[in-house]
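Report on the structure given below.
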Protein chains: 2
Amino acid sequence: MNHPIRILIVEDHHVVRQGLAALLSVVDGMQVVGEAADGEAAVAQWNSLRPDITLIDLRLPRRSGVEVIQMIRRREAYARFIVLTTFDGDEDIYRALQAGARAYLLKGMTADVLVSTIRQVHAGKSCIPPVIAQKLAERMGAEELTHREQDVLEQIVRGKSNKEIGVELDISEATVKTHINSLLGKLGVSDRTQAATAAIQRGLVQLDSTGDLRR
Amino acid sequence: MNHPIRILIVEDHHVVRQGLAALLSVVDGMQVVGEAADGEAAVAQWNSLRPDITLIDLRLPRRSGVEVIQMIRRREAYARFIVLTTFDGDEDIYRALQAGARAYLLKGMTADVLVSTIRQVHAGKSCIPPVIAQKLAERMGAEELTHREQDVLEQIVRGKSNKEIGVELDISEATVKTHINSLLGKLGVSDRTQAATAAIQRGLVQLDSTGDLRR
DNA sequence: AATTTTCTCATCCATTCGATGGAGAATGGA
DNA sequence: TCCATTCTCCATCGAATGGATGAGAAAATT
């Protein structure tokens, strides 16, 4: 055997971090060389460690997983990332893959799936589970929301009326309606309530436990 | 030291299970005596192992964590459960506490919090983090939804109109409106869209990645 | 310079929604 | 047993609200 595969783990949940480390520690040819609990630390760690593979969660404090992947890969295109997430309806996974992540894994996976995925990615391959590939294909046909439509959508999720949205964004109620009309079309739904749930489901907006929105 | 605290881990994510086991394996006076990956297995395991403490996730296949706690505690009231969850906006945690769970932990906690919580619960105490205690207090004032209101709420989240809901539940549109009116009051919101997001946020309904609903 | 995309607005129509009052059945306590 | 509470159900009303359409500036892309 040659050099072991050097792995960096980026994950904010202690327990999950421990779990990954524990799983990988018993595998021949793999070595966990570092861990990071937030986005900032992840970039710093990567720069000093130069791991072969980075296992990275997308929901991170201080700097999202997507940002981390983008930042690093812009400079070092050979960097290999494997995305780890709990949710499979998350818009961010598409952004992550677009940013150059090579594989995507749900946290519910088995140890051997994890190991074989790491091996494959290290060998230069990509590894997208069929469920995700499916959704990715579906998403291709979908048009992207414009910035303004996104703004309006967030207000809808907040439960605001058109009038209130107008005040909030400082545009006329009529304009709000126009944006809604087009975003309904793009999302493939027929009213604001469906738009709200669809937005949450697809991860277009994320609700915080406090009731605030993110992104 | 006396006997070690015998612990059962109930969690469907392999990685998290490994993590918990790894964290606890290095702690003196604690011993992981078993693991289960779904609700059914959990009950079976508990019956044969009779652990002192059960660490349990609420989102489980085959049988929810709440159900497991209820089933076991109905017969053996001394059983001690510590709930483990990722989300803090989940309605189920209240049900779990009501079913007799003694403590609640986020998966992002540190190892020492986990250990000290286990010790406290084993000593007969309860251990509810302030964040949760706060929400629990808020929730106290809130009235529970009736069965029918819950039905209607789910349809709302699905994006159905009042007319459609009427057809679906086989009641008149007028009745649907009545239920909506009272559930809006109970949820403390003023329209259906707010009701939908509030429902998702508080875990009153759960959206599957497929777009289907659970519960 | 020309074309496409995005943001903005006005107007029209009516559907859809939420509010209110109230009746019969069921549940449960006194 | 009777009263009280709760739940489910329905009719009607009023109008606010939302969604569809057409169309003109501004910005960006070619």
Side-chain angles (χ1 to χ4, degrees), chain A residues 91 95 98 139-200 202 204-205 215, chain B residues 91 94-95 98 139-202 204-205 215:
Chain A
E91 174 77 6
R95 299 216 173 86
Q98 215 160 17
R139 209 198 87 103
M140 276 310 165
E143 301 161 88
E144 292 222 355
L145 295 187
T146 68
H147 185 56
R148 216 52 175 161
E149 286 161 359
Q150 176 77 28
D151 289 342
V152 172
L153 181 57
E154 288 175 8
Q155 299 296 322
I156 289 178
V157 173
R158 271 199 166 110
K160 299 273 181 74
S161 72
N162 290 343
K163 187 178 296 183
E164 289 171 328
I165 296 175
V167 173
E168 180 71 28
L169 300 183
D170 199 37
I171 53 182
S172 93
E173 186 184 346
T175 305
V176 174
K177 294 183 181 183
T178 304
H179 290 308
I180 289 181
N181 214 260
S182 46
L183 73 84
L184 288 182
K186 291 183 182 178
L187 295 182
V189 298
S190 52
D191 64 59
R192 56 163 62 256
T193 306
Q194 290 176 12
T197 56
I200 296 170
R202 304 184 195 174
L204 293 169
V205 303
R215 151 131 348 108
Chain B
E91 173 76 7
Y94 305 116
R95 299 216 173 87
Q98 214 159 17
R139 210 198 85 104
M140 276 311 165
E143 301 160 89
E144 291 221 356
L145 295 187
T146 68
H147 184 55
R148 217 46 175 164
E149 287 161 0
Q150 176 77 29
D151 289 342
V152 173
L153 181 58
E154 288 175 8
Q155 299 296 323
I156 289 178
V157 174
R158 274 199 163 110
K160 301 271 180 76
S161 73
N162 290 345
K163 186 178 297 183
E164 289 170 329
I165 296 175
V167 173
E168 179 72 27
L169 301 182
D170 199 37
I171 54 182
S172 94
E173 185 183 346
T175 305
V176 175
K177 293 183 183 182
T178 304
H179 291 310
I180 289 181
N181 213 260
S182 46
L183 73 83
L184 288 182
K186 291 184 182 177
L187 295 182
V189 298
S190 53
D191 65 58
R192 57 171 50 239
T193 306
Q194 290 175 12
T197 57
I200 295 171
Q201 211 164 27
R202 303 185 196 173
L204 293 169
V205 302
R215 151 131 348 108

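So you know, we letter chains A, B, ... as the sequences are listed, proteins then strands, and number each from 1. For clarity, every value in this text was computed on a predicted model and none was experimentally measured.
Bounding nucleotides for the chain A contact on DNA chain C, 5' to 3', at a heavy-atom distance below 4.0 Å, are C:dT6 to C:dA10.
Interatomic distance, CZ of B:R158 versus CD of A:Q194, reported as 12.0 Å (0.5 Å rounding). Atom CD of A:E154 is separated from atom NZ of A:K160 by 11.0 Å, given to the nearest 0.5 angstrom. Distance CD/B:Q155 to CG/B:N162: 11.0 Å, rounded to 0.5 Å. Expressed to the nearest 0.5 Å, how far CG of A:N181 lies from CD of A:E149 amounts to 10.0 Å. With rounding to the nearest 0.5 angstrom, the OG1 atom of A:T197 is 9.5 Å from the CG atom of A:L187. Rounding to the nearest 0.5 Å gives a distance of 12.0 Å between OG1 of B:T175 and CD1 of B:I165.
In this structure, the helix from C:dA1-D:dT30 to C:dA30-D:dT1 shows an angle of 50° between the axis at its start and the axis at its end, each fitted on 5 base pairs and rounded to 10°.
When side chains are defined from C-beta on, B:L169 counts as touching B:R148, because their heavy atoms get closer than 4.5 Å.
When heavy atoms are screened at a 4.0 angstrom cut-off, B:S161 is found touching the sugar-phosphate backbone but no base atom. Residue-level contact check: B:S172 touches the backbone only, with heavy atoms under 4.0 Å from sugar-phosphate atoms and none from bases.
Looking only at distances, a side-chain donor or acceptor of A:Q150 sits under 3.5 Å from a matching main-chain atom of A:L204. Remark: the backbone N or O of A:E164 is not paired with any side-chain donor or acceptor of A:E168 at under 3.5 angstrom.
A side-chain contact (heavy atoms from CB on, under 4.5 Å) with B:H179 holds for exactly one of B:L153, B:I171, B:I156, B:L145; it is B:I171.
Mapped onto DNA chain D by nearest heavy atom, B:H147 and A:A174 fall at different nucleotides, with B:H147 at the one closer to the 5' end. Residues B:D191 and B:T175 both approach DNA chain D. Their nearest nucleotides, taken by heavy-atom distance, put B:T175 toward the 5′ side. Nearest-nucleotide positions on DNA chain C place A:D170 closer to the 5' end than the other of B:I180 and A:D170.
Atom CG of A:L184 is separated from atom P of D:dT21 by 12 Å (rounded to the nearest Å). Rounded to whole Å, atom P of D:dT12 lies 12 Å from atom NZ of B:K177. Rounded to whole Å, the distance from CD on B:E149 to P on D:dT8 is 6 Å. For B:E144 and D:dT6, the CD to P distance is 14 Å, given to the nearest whole Å. Here D:dC9 presents its C1' atom at 10 Å from CZ of B:R148, a figure rounded to the nearest Å. Nucleotide D:dC9 holds its P atom 8 Å from the CG atom of B:L169, rounded to whole Å. The interatomic distance linking A:L183 (CG) with D:dA20 (P) rounds to 10 Å, in whole Å.
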Check nucleotides 22-28 of chain D for protein N or O atoms closer than 3.5 Å to its own N or O atoms and list the pairs.
none

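Of all non-hydrogen atoms in A:A195 and A:L183, the two that sit nearest each other are CB-CD1, 4.2 Å. Across B:D191 and A:G159, no two heavy atoms sit closer than the pair OD2-O, 3.6 Å.
An OP1 or OP2 oxygen of D:dG18 is reached within less than 4.0 angstrom by a side-chain nitrogen or oxygen of A:R192.
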